[in-house]
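Presented below is the structure to which this report refers.
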Amino acid sequence: MAGVYVYSDNTELCGELIALARTSEQEVCAVTMSDQQGSELAKYGPDTIFVLKGQNHAAESYSGAIAKLLTDQDASLFLAGATVRGRDIAAQVAAKMKAGLISEAGSVNFCNGKISAARYMYGGLTEQVEEGKGLTVITVPSGRYAAVNNDSVKSVVVSMTVDTDPRIKITGSSPIVKEGADLSKAGRIVCVGMGFDKKEDLVIAHKLAEALGAEVGCTRCIAEDRGWMPAETYIGISGAVVKPDLYIALGVSGQIQHTFGVRDSKIIVGVNNNEKATIFGVSDYGIVGDLYEIAPLLADAIKNI
Amino acid sequence: MSGEDKFDVIIIGAGPAGTACAYTLAKEGKNVLVIERGTAAGSKNVTGGRFYTYALDLVEPGLWEDAALERKVTHEQIMMMAGEQSITIDYSNPAFNKSGEMPQSFTILRAVFDEWFASKAEEQGAVIACGIKVDGLIEEAGRITGVKAGGDEMFADLVIAADGVNSMIARQAGLVPELSDKTIGVGVKEIIELPAKTIEERFHLKSGEGASLLMLGCTEGIHGGGFLYTNNESISLGCVFTPSEAASHGRQVHDIFQDLKMHPSIYPLIEGGKTVEYGAHLVREEGYRGIPKKLYRDGLMVIGEAAGFVLNIGYTIRGIDLAIVSGVAAARAVISGKNPGPAYFEELNNIKLLPSMKAVDGYFDLLEIHRLYETYPKVASGVFNKMYSISGETPVSIKKGIWGVLKDNKVSLWQLVKDGIRGYRSI
Amino acid sequence: MSNVIVCFKWVKAEDDLRIDPATLAVDLSKAKGKISDYDRNAIEAARIASESAGSETIALTFGSNDAKTALKDALSRGPKQAFWVNDVSAENADGFVTANMLAAAIRKIGSYSLIVCGEGAADTYAHQVGPRIGALLDIPVISFVKEMRIEGSRLYAVRKLEDSLEQVEADLPAVVTVLPEINPAPIPGLKAVLEGGKKPVTEFKIQDLDLEDGDTSRKTDVVSFKGCSMSRKKILINEGDAKEKVTALVAALKKEGVL
Ligand SMILES: Cc1cc2nc3c(=O)[nH]c(=O)nc-3n(C[C@H](O)[C@H](O)[C@H](O)COP(=O)(O)OP(=O)(O)OC[C@H]3O[C@@H](n4cnc5c(N)ncnc54)[C@H](O)[C@@H]3O)c2cc1C
Ligand SMILES: Cc1cc2nc3c(=O)[nH]c(=O)nc-3n(C[C@H](O)[C@H](O)[C@H](O)COP(=O)(O)OP(=O)(O)OC[C@H]3O[C@@H](n4cnc5c(N)ncnc54)[C@H](O)[C@@H]3O)c2cc1C
């Protein structure tokens, strides 16, 4: 059994997976459904690029074809990018092949011919390391590995016509208009939590952010329950994952689902009027106090630096 | 109203009172619904954690043997604190825990105990609906006929309010007046986890044995006291005091508790432990005289702490056992088929609840003496200080020493005599 | 249209996990169970779908004895009856085993036109059981759905991808995995809770299901399971009034080089 097969609808992520697959010291094959992505992938230097050509343009309808390819080629591992499409395809491929699937692996290791991967559970409170038996499927989120341009390998391109599942039909697509800031690249973030009483009060957070040159993010409750801020600006396991130098949480209780999204921040500051709040256990600096008092003082103090 | 929406009895609250009542009624074949706002029985309840076992035996003989209890209390301790000093009296009496007999008292964790107790009532056939808050009563022509919860209405021949200390239901029905802040204490408590072995070493206990420690003088002159109970693998530590007094002393609830935790006689007992739960709750402080005149009106009965059945008598708080007893009394009244109001009072007397609360009624006066919370613990510590201070100097005589301490604490002979008489009368 | 089957998982509440800070050992023994948060939305989505199509909602779970409480809870949220694959192996099953169990139970239940799953489970968040079930039953899968509508025997759904919304359709029977935002998950009222306690539950044992050898054992081995440490400085600035605290914070942040 040999060969690591990688797929992602996100080309950059596919490059990351190819770099990861290289560490296995096995043959690395990329799978794509379009000639265009196929040619873009060449720069990452997989040994082979399989371009699957079917009738249906829904990527998910290729799951059966991918499973067949992996079986025919006697693959040892299928790595898929943990995007929406990638997760769906990975699970269907795994089911069809009666294989194990380690989803959303933060790290993947090849050691003595074995494959193991670490993943978070319980909203990020715990980490589990799993080891594959036989053919294994793993999904990996973007940003875990660096894509490497590799001209030394001249990829062989294999185009093949495959059967796709005709039963699913994509009838349209519309881009999501992102309203808030792109938090994933922000260097400083002020986060709004349910400690804010009303929407008008968010100006306090914006003033602090202005003084700091920071972006404003929020917890899920603020976006989903209150609807005070756009959904793109909530941070956490189901929202944005951020890694600013400075993250200031105002009136945020600090539940794991939220703090999961800020764990890679350099410095975390919590302001909460309940000294038992969980946020203080995951902060570098905490002030027990009323955000309505602390945040304006902090904005002033920063302006005066 | 359809048959689906009607029960013999609806009980509001799955605390010890409500559950005991439901158990007893369901066992007699009554169609009972208990409505509890917590996601499970006991999920939100705060208590000290000491329980007197006899009450479970009233519900069902032998039931205690299966109960979710922690340690049987073998060591009764009282600590008087003055600043950093303290005096502890440790009393133990094997008669309370004769082998082969039901131990007198256990420590309990409410989240565990209440859930166990509710499951027992369910086994008897009671229906327990958790996660639902009763918003109010349904009244028709002066009679309570059911309850409202969310958008739903549910009807019953009798509604029983077992909703605890600040019973919204009993107030709404006009049976219980608004609580005044003079007669209400606030309790804060933490559950601190420690290995069983550590607890047994620190309190000199054998496996399964427990200590109950009450503290006077830890509230800095504010009407109140502290408690510490040993559970299997945790310690319940808390204090109860009158909030209005704390405010007038310029003290925050939390600070007082923090000081108690850090006290040099307490800290070593909890050192290294992990706080896994923190809660605050009200508790009634008036005892017998706090029981409302009427606990029944057409279609509604009040039981448990909602009905004032709690005793806070300085050296012990008892509410759980009394709640259970009152629940059993109410159930027996219903089962008797007599006029429920008078039958309930009769049962409360038969079951000795009212008489025993009356017997200790005077404590309320004793507890009103402020010197109890500050001066006397200081005096006692002062005396011990004189007795145990050996510096090589010629000591003053003990008698002289005591007078000196009293004078330092500005206690006159007259006050001492007066408090003594008041104390004697109240017991 | 025939039944809508909704799969849900009984998970340990993450708030009750105990992690030893020194060894990072995880103690799950004190954790209470709950219906996975995402599945609560899924149950409601199934209820709405079957209501609009005039069919019945059936709840299905694979769980150990612990899951008994879950059935009442699930049934108080609308489904007319529940099926429960009761086996202890549920406590450490992976997506492979879980999907095998659920797919086998669904075959046994027989008539269905839509299967609804949550996007992922609150404990593992592995996003695999729904699509796996679709593959095993060989019916179309539409995952990460934020809106759906049934017309006759056709399902119209809107999926949420990273940067776009996608309109997808498929013939029934099909599997959907739904995002929590598809609809709120209302807390059941008193009557619903009482009704939930009375609805029928059918229990399956593994032997009752048509499974092949190997279908019931994990495909991955768990090598380790431990708490994650969020090692932070945890400095509480307590001294002085609000102004002094803020001054101290600013000084500290300057020193950290983040201002
Ligand atoms: C499966 C699942 C996934 C989830 N995913 C996410 C996610 O991705 N992102 C996310 O954010 N959440 C997520 N959540 C929700 C998460 O569990 C929490 O409920 C949420 O993060 C809490 O938001 P909050 O801190 O704003 O609100 P709360 O928990 O209500 O906290 C408000 C805090 O403000 C404090 N406060 C109040 N008034 C003041 C004041 N005047 N001054 C200072 N402090 C004050 C309070 O003490 C409290 O600590 C998820 C939950 C589940 C179950
Ligand atoms: C700090 C502290 C320490 C104590 N220590 C001890 C001790 O060591 N020993 C002892 O015996 N007693 C102690 N007590 C007293 C004891 O806890 C109470 O007296 C006892 O719990 C009363 O029982 P109950 O069933 O009447 O009410 P509760 O135990 O308060 O139960 C009432 C129930 O009703 C529910 N409820 C309330 N309103 C509604 C509604 N609208 N709809 C639905 N459900 C509702 C509540 O959620 C609760 O479960 C202590 C009390 C405190 C505060």
Side-chain angles (χ1 to χ4, degrees), chain A residues 60 63 83-85 87-88 91-92 94-96 99-103 116 121-133 136 165 167-176 224 245-246 256 259 263 266-269 280-289 293-294 297-298 301-302 305, chain C residues 14 17 19 26 94-96 99 122-128 131-132 134-136 140-144 159-171 181 218-228 230 232-238 242-243 245-247 249-250 252-253 256 258-259:
Chain A
E60 290 79 1
S63 311
T83 60
V84 169
R85 288 197 202 291
R87 290 171 184 153
D88 187 326
Q92 293 202 51
K96 288 184 179 38
L101 162 55
I102 307 173
S103 336
S116 63
M121 303 229 303
Y122 291 100
L125 281 176
T126 67
E127 191 187 58
Q128 176 161 302
V129 177
E130 295 178 37
E131 197 172 84
K133 292 190 271 195
T136 303
D165 186 343
R167 297 173 298 185
I168 307 161
K169 196 166 141 203
I170 298 180
T171 55
S173 167
S174 49
I176 295 173
E224 298 278 335
D245 286 341
L246 178 60
I256 182 65
T259 53
R263 60 200 311 159
K266 184 165 175 221
I267 294 292
I268 296 179
V269 176
F280 294 123
V282 294
S283 296
D284 295 291
Y285 298 95
I287 292 187
V288 181
E293 189 183 4
I294 302 292
L297 285 173
L298 187 55
I302 287 162
I305 294 180
Chain C
E14 60 279 353
L17 253 59
I19 296 171
V26 185
D94 62 355
F96 170 76
D123 53 355
T124 57
Y125 206 39
H127 312 286
Q128 47 173 302
R132 273 184 186 268
L136 292 170
V141 177
I142 305 180
S143 57
F144 302 94
R159 297 175 79 199
K160 190 173 172 188
L161 307 188
E162 282 71 23
D163 324 287
S164 63
L165 298 179
E166 187 172 80
Q167 283 78 44
V168 190
E169 36 179 287
D171 275 339
E181 63 201 73
R218 287 184 67 102
K219 280 289 177 187
T220 61
D221 289 328
V222 176
V223 181
S224 69
F225 176 59
K226 58 179 181 22
C228 295
M230 259 269 218
R232 291 278 165 187
K233 298 197 175 77
K234 298 181 202 169
I235 297 169
L236 264 196
I237 300 175
N238 259 338
K243 213 165 179 167
K245 287 184 196 171
V246 166
T247 311
L249 175 65
V250 171
L253 294 180
E256 296 282 358
V258 292
L259 279 188

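So that the names make sense, note that chain A is the first sequence line, chain B the second, and so on, each numbered from 1. Only heavy atoms go into these numbers, but all of them, side chains included; no hydrogens, no water, no symmetry mates.
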Are the side chain of [X] and the backbone of [Y] linked by a donor-acceptor contact shorter than 3.5 Å?
X	Y	value
C:Arg232	A:Arg263	yes
C:Ser164	A:Pro175	no
C:Lys245	A:Val288	yes

Open item on the list: Show, in sequence, the C-alpha distance, side-chain angles and deciding distance for A:Lys133 and C:Asp221, and conclude whether the salt bridge (Lys or Arg N to Asp or Glu O under 4.0 Å) test is met.
Closed with: CA-CA 8 Å; A:Lys133 292 190 271 195; C:Asp221 289 328; 3.2 Å; yes

Task: Test applied, side-chain contact (heavy atoms from CB on, under 4.5 Å); reference residue, A:Leu101; option that passes from C:Arg132, C:His127, C:Lys219 - done: C:Arg132

- [ ] For a side-chain contact (heavy atoms from CB on, under 4.5 Å) with C:Phe225, tell me which candidate from A:Glu127, A:Glu130, A:Met121 qualifies.
- [x] A:Met121

Within the 4.5 Å heavy-atom criterion, are [X] and [Y] side-chain neighbours or not?
X	Y	result
A:Ile176	C:Lys160	yes
A:Lys266	C:Val258	yes
A:Asp284	C:Lys234	no
C:Leu17	A:Thr126	yes
C:Val168	A:Lys169	no

Task: Set of residues satisfying ring pair (Phe, Tyr, Trp, His ring centres under 6.0 Å) with respect to C:Phe96, sequence neighbours excluded - done: none

- [ ] Find the distance between OG (A:Ser103) and CG (C:Asp94) and round it off to the nearest 0.5 Å.
- [x] 9.5 Å

- [ ] To the nearest 0.5 angstrom, please state how far the OH atom of A:Tyr122 sits from the OG1 atom of C:Thr124.
- [x] 8.5 Å

Under a 4.5 Å heavy-atom cutoff, which of [options] has the most pairs with chain C?
options	result
A:Ile267, A:Leu298, A:Ile302	A:Ile267
A:Asp245, A:Ile305, A:Thr171, A:Ile294	A:Thr171
A:Gly289, A:Ser116, A:Ser283	A:Ser283
A:Ala94, A:Gly123, A:Ala301	A:Ala94
A:Arg167, A:Gln128, A:Glu131	A:Arg167

When heavy-atom pairs shorter than 4.5 Å are enumerated against chain A, which of [options] gives the highest number?
options	result
C:Ser143, C:Ala122, C:Ala170, C:Gly95	C:Ser143
C:Val141, C:Val250, C:Val26, C:Asp171	C:Val141
C:Pro140, C:Ala99, C:Ala252	C:Pro140

Open item on the list: At a 4.5 Å cut-off on heavy atoms, which part of A:Thr259 comes close to chain C: side chain, backbone, both, or neither?
Closed with: both

Which atom names give the shortest non-hydrogen contact between [X] and [Y], and what distance separates them?
X	Y	answer
A:Ala95	C:Ala135	CB-CB, 3.7 Å
A:Gly132	C:Thr220	CA-CG2, 4.4 Å
A:Gly124	C:Cys228	O-SG, 3.6 Å

Task: Steps toward side-chain contact (heavy atoms from CB on, under 4.5 Å) verdict (C:Glu181, A:Glu224) - done: CA-CA 8 Å; C:Glu181 63 201 73; A:Glu224 298 278 335; 4.1 Å; yes

TODO: Report yes or no: do A:Thr83 and C:Glu162 form a side-chain donor-acceptor pair below 3.5 Å?
DONE: no

- [ ] Would you mind checking which part of C:Leu165 comes under 4.5 Å of any heavy atom in chain A, side chain (CB onward), backbone (N, CA, C, O), both or neither?
- [x] both

Open item on the list: Please classify the contact between C:Leu249 and chain A as side chain, backbone, both or neither, with a heavy-atom cut-off of under 4.5 Å.
Closed with: side chain

- [ ] Please step through salt bridge (Lys or Arg N to Asp or Glu O under 4.0 Å) for the pair C:Arg159 and A:Glu60, ending with a clear verdict.
- [x] CA-CA 12 Å; C:Arg159 297 175 79 199; A:Glu60 290 79 1; 2.8 Å; yes

Open item on the list: Test side-chain contact (heavy atoms from CB on, under 4.5 Å) on A:Gln92 and C:Gln128; report intermediate values, then the result.
Closed with: CA-CA 8 Å; A:Gln92 293 202 51; C:Gln128 47 173 302; over 6 Å; no

